[in-house]
Number of protein chains: 2
Amino acid sequence: MRIGELAERSGTPRRLLRYYEEQGLIAPRRLPNGYRDYDERFVDRIMQIRGLLDAGLPTRIIKQILPCLDKPRVIHFSDATPEMLATLERELDRMSRRVECLSRNRDAIAEYLDAVRATAPPEPALPEPAPPGPGAPPPADR
Amino acid sequence: MRIGELAERSGTPRRLLRYYEEQGLIAPRRLPNGYRDYDERFVDRIMQIRGLLDAGLPTRIIKQILPCLDKPRVIHFSDATPEMLATLERELDRMSRRVECLSRNRDAIAEYLDAVRATAPPEPALPEPAPPGPGAPPPADR
DNA sequence: TCGAACCATCACATCGATGTGAAGGTCAAG
DNA sequence: CTTGACCTTCACATCGATGTGATGGTTCGA
């Protein structure tokens, strides 16, 4: 597929797809006329990238960890330089802390909302849209 | 305490303490000479703010959710406008998604590291430093 | 063949978080 | 009384992620 379709299917501006490529996060093929050519797997890939970006990881780090998250792993064992492993360890630690901090505050918000709801009548829920893919980031804050 | 001590105790540049104040996240007293005057509670407060920032929340949102994370809650029930509650719901959802995405990728990295370690001999661990406060962010990526 | 709808690259703008430094006030210790 | 270590405000710079638009090539259908 070309960039427009991927943009639509991943909910990502073309600009960012080109930016992620420039940052070395993805490397789509090119058609004879120079157009970018993406296959299906890029949809989830982009979701994953956006999820990680949204969670606070910079592209530089994402670029390093992405190859390790693919199966089968065996292929990528050769990438495992000591510096690489050290980076991964550090990032693993950072991510765990982030998850902890985020969970703690999320639970506190949930608790607060529960407390508020206990004093005011709730409203009926709406039917939900389709669930997001494996790496889907939450919608923007704006 | 004055800004220098808080900066040191929270590991945060003075610049950012002033920035957070400018963004309405904190409101320290002022001494007669105009100096900012922080009490003990600001140390954890700053940690919490930095943790949330690091996890990808913008100051604008943090400003809204911070008052709800304090105990006792009862005092803050008056803040609970419908828009406020809607914001909290949205943000709760976003945070949950973030936690999910982050956890998933973190687990994948852990799995990868385990796989790698299974083929190379491990090294003995070092003694750990003091654990961080309640809202402590992970160290920077840089 | 012409226009619409794609695509390309490039450059510049914006936005939030952060760094840095200038110019000057306060205060305690020598 | 001066010096040094604090503090103040203000302004401008940087950095990464993102928005926007200019300029031009490709493809396809009317």
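In the text below, chain A, chain B and the rest are named by the order of the sequence lines, each starting its count at 1.
When the nucleotides D:dT18, D:dA17, C:dT18 are ranked by their closest atom to the side chain of A:Tyr20, D:dT18 comes out on top. In this structure, of D:dA17, D:dC7, C:dT18, it is C:dT18 that holds the atom nearest to the side chain of B:Arg15.
Distance B:Arg14 CZ to C:dT20 P: 13 Å, rounded to the nearest Å. Residue A:Leu16 contributes atom CG, which lies 11 Å from atom P of D:dT20 at whole-angstrom precision. If you measure from atom OH of B:Tyr19 to atom P of C:dG16, you get 7 Å, rounded to the nearest angstrom. As rounded to whole Å, 18 Å separates atom P of C:dG16 from atom CZ of B:Arg50. When the P atom of C:dA17 is taken as reference, atom CG of B:Leu52 falls 12 Å away, rounded to whole Å. Distance CD (B:Glu21) to C1' (D:dT8): 11 Å, rounded to an integer number of Å. Atom C1' of nucleotide C:dA17 and atom CZ of B:Arg18 are separated by 16 Å, given to the nearest angstrom. At whole-Å resolution of the value, CG in B:Leu17 and P in D:dT9 are 13 Å apart.
Side-chain contact between B:Ile65 and A:Tyr112 is absent, with no heavy-atom pair separated by less than 4.5 Å.
Atom CG of A:Asp39 and atom CE of A:Met1 lie 7.0 Å apart (nearest 0.5 Å).
Heavy-atom minimum distance, B:Arg45 versus B:Ile26: CG-CG2, 4.0 Å. Of all non-hydrogen atoms in B:Thr59 and B:Leu25, the two that sit nearest each other are O-CD2, 3.4 Å.
The pair A:Glu5-A:Arg14 fails the salt-bridge criterion, with no side-chain N (NZ, NE, NH1 or NH2) lying under 4.0 Å from an Asp/Glu carboxylate O. For A:Asp54 and B:Arg98, the salt-bridge test passes: some basic side-chain N is under 4.0 Å from an acidic carboxylate O. Checked for salt-bridge contact, A:Arg117 and A:Asp114 meet the test: a charged N lies under 4.0 Å from a carboxylate O.
Counting any heavy atom pair closer than 4.0 Å across all strands shown, B:Arg2 reaches sugar-phosphate atoms only and no base atom.
Within residues 22-38 of chain B, the residues that place at least one heavy atom under 4.0 Å from DNA chain C are, in residue-number order, B:Asn33, B:Tyr35.
Between A:Thr59 and D:dG16 there is no side-chain N or O to OP1 or OP2 distance below 4.0 Å.
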